[in-house]
Amino acid sequence: QVQLVESGGGLVQAGGSLRLSCAASGPFSSINDMGWYRQAPGEQRDLVARITSGGITNYRDSAVKGRFTISRDNAKNTVYLQMNSLKPEDTAVYYCNALIRSAWHALSEYWGQGTQVTVSS
């Protein structure tokens with residue numbers, strides 16, 4: 001019943017920006033870490049950025065950290081990924097991830113359905 005619903009993906013030209021959103025819904029007690037992962041065709045799914053419930057962030061590398069910003073709104077149970085200076089190599093399906101404690105206090109990891117980000121030259 002717990003779901004992660006993503007939005008904000010699309011087609012953008014190189015150098016442009018997109019803002020991804022992921023909102024958690026359903027019966028849960030609290031959300032711990034939330035993050036964004038991406039998977040390009042023929043590649044494995046890898047971390048882009050992650051953020052703790054207290055706002056501590058980490059990014060896959062310096063190149064991503066310089067262009068992308070992860071944030072969250074705990075009141076809205078939502079995590080965001082602001083992506084600036086997009087490059088064609090950023091093209092991938094982006095997946096939301098969250099570690100969630102249920103209403104009955106079980107701790108589980110959830111994934112969103114994925115949203116396509118395509119960056120053209």
Side-chain angles (χ1 to χ4, degrees):
Q1 199 64 251
V2 173
Q3 296 183 20
L4 302 178
V5 180
E6 299 155 326
S7 62
L11 176 64
V12 64
Q13 292 187 339
S17 298
L18 286 173
R19 180 178 168 90
L20 306 183
S21 299
C22 173
S25 63
F28 59 84
S29 176
S30 62
I31 304 175
N32 294 90
D33 290 6
M34 303 186 80
W36 290 95
Y37 297 72
R38 69 186 183 189
Q39 186 171 19
E43 303 289 337
Q44 66 180 26
R45 187 178 301 182
D46 288 325
L47 172 74
V48 178
R50 197 160 183 86
I51 184 168
T52 71
S53 61
I56 300 173
T57 62
N58 70 289
Y59 297 83
R60 63 174 297 170
D61 55 36
S62 297
V64 167
K65 187 177 182 179
R67 298 183 294 120
F68 295 1
T69 302
I70 189 170
S71 62
R72 64 190 287 170
D73 185 336
N74 290 334
K76 295 182 177 180
N77 300 315
T78 300
V79 63
Y80 307 94
L81 185 67
Q82 178 66 48
M83 303 186 292
N84 299 323
S85 301
L86 283 163
K87 303 175 180 180
E89 51 262 43
D90 295 318
T91 295
V93 177
Y94 284 69
Y95 295 90
C96 178
N97 173 270
L99 186 63
I100 296 176
R101 188 174 298 279
S102 71
W104 49 94
H105 305 293
L107 194 63
S108 301
E109 192 172 40
Y110 294 89
W111 290 95
Q113 79 284 357
T115 184
Q116 178 70 47
V117 171
T118 302
V119 184
S120 63
S121 300

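Every value quoted in this text rests on a predicted model; they were computed, and no experiment measured them.
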When rounded to the nearest 0.5 angstrom, what distance separates CD1 in I100 from CG in N77?
8.0 Å
Looking only at heavy atoms, what is the nearest atom pair of I31 and A24, with distance?
CD1-CB, 3.7 Å
Nearest heavy-atom contact between L20 and G9 is CD2-N, 3.5 Å
side-chain hydrogen bond (donor to acceptor under 3.5 Å, both in side chains) contacts in which one or both residues fall within residues 7-28, not counting sequence neighbours:
S17-N84
Please round to the nearest 0.5 Å and tell me the distance separating atom CG of L81 and atom OG1 of T115.
11.0 Å
Let me confirm one number: the CZ-CZ distance from F28 to R101, rounded to the nearest 0.5 Å.
13.0 Å
Of the non-hydrogen atoms in A40 and T91, which two are nearest, and what is the gap between them?
CB-O, 3.8 Å
Can you give me the closest heavy-atom contact between Q116 and A92, atom names plus distance?
NE2-O, 3.4 Å
Test of understanding: with side-chain contact (heavy atoms from CB on, under 4.5 Å), list the residues that count as partners of A103, not counting sequence neighbours.
P27
Hydrophobic clusters here meaning ILVMFWY residues chained together by side-chain heavy-atom distances under 4.5 Å, can you tell me if V93 and L47 are in one?
yes
Going by the salt bridge (Lys or Arg N to Asp or Glu O under 4.0 Å) test, which pairs reach into residues 72-91, not counting sequence neighbours?
R38-D90, R67-D90
Show me the side-chain donor-acceptor pairs of residues 56-63 shorter than 3.5 Å, one per line, residues at least two apart or across chains.
| residue | atom | partner | partner atom | Å |
| --- | --- | --- | --- | --- |
| Y59 | OH | I70 | N | 3.0 |
| D61 | OD1 | A63 | N | 3.3 |
| D61 | OD1 | V64 | N | 2.9 |

Verdict with supporting geometry, F68 and L18, side-chain contact (heavy atoms from CB on, under 4.5 Å):
CA-CA 10 Å; F68 295 1; L18 286 173; over 6 Å; no
For E109, look at atom CD and say whether over 12 heavy atoms of other residues, nucleotides or ligands are found less than 6.0 Å away.
yes
Hey, does N32 have a side-chain heavy atom less than 4.5 Å from the side chain of L107?
yes
Specify the closest pair of heavy atoms between C96 and L4, including all atoms of both residues, with the distance to one decimal.
O-CD1, 3.9 Å
So do the side chains of Y95 and Q39 get within less than 4.5 Å of each other, counting heavy atoms only?
yes
Report yes or no: do Y110 and I51 belong to one cluster of Ile/Leu/Val/Met/Phe/Trp/Tyr joined by side chain heavy-atom distances under 4.5 Å?
yes
Side chains of S102 and V2: closer than 4.5 Å at any heavy-atom pair?
no
Answer with yes or no whether the hydrophobic clustering places Y80 together with Y94; edges join I, L, V, M, F, W, Y residues whose side-chain heavy atoms lie under 4.5 Å apart.
no
Those residues at least two apart in sequence (or on a different chain) that pass side chain to side chain donor-acceptor pair (under 3.5 Å) with Q44 are D46
Grouping I, L, V, M, F, W and Y whenever their side-chain heavy atoms are under 4.5 Å apart, do V12 and M83 come out in a common cluster?
yes
Closest heavy-atom pair and its distance - V5, Q113
CA-OE1, 4.1 Å
Set of residues satisfying ring-ring contact (aromatic ring centres under 6.0 Å, His included) with respect to Y37, sequence neighbours excluded
W111
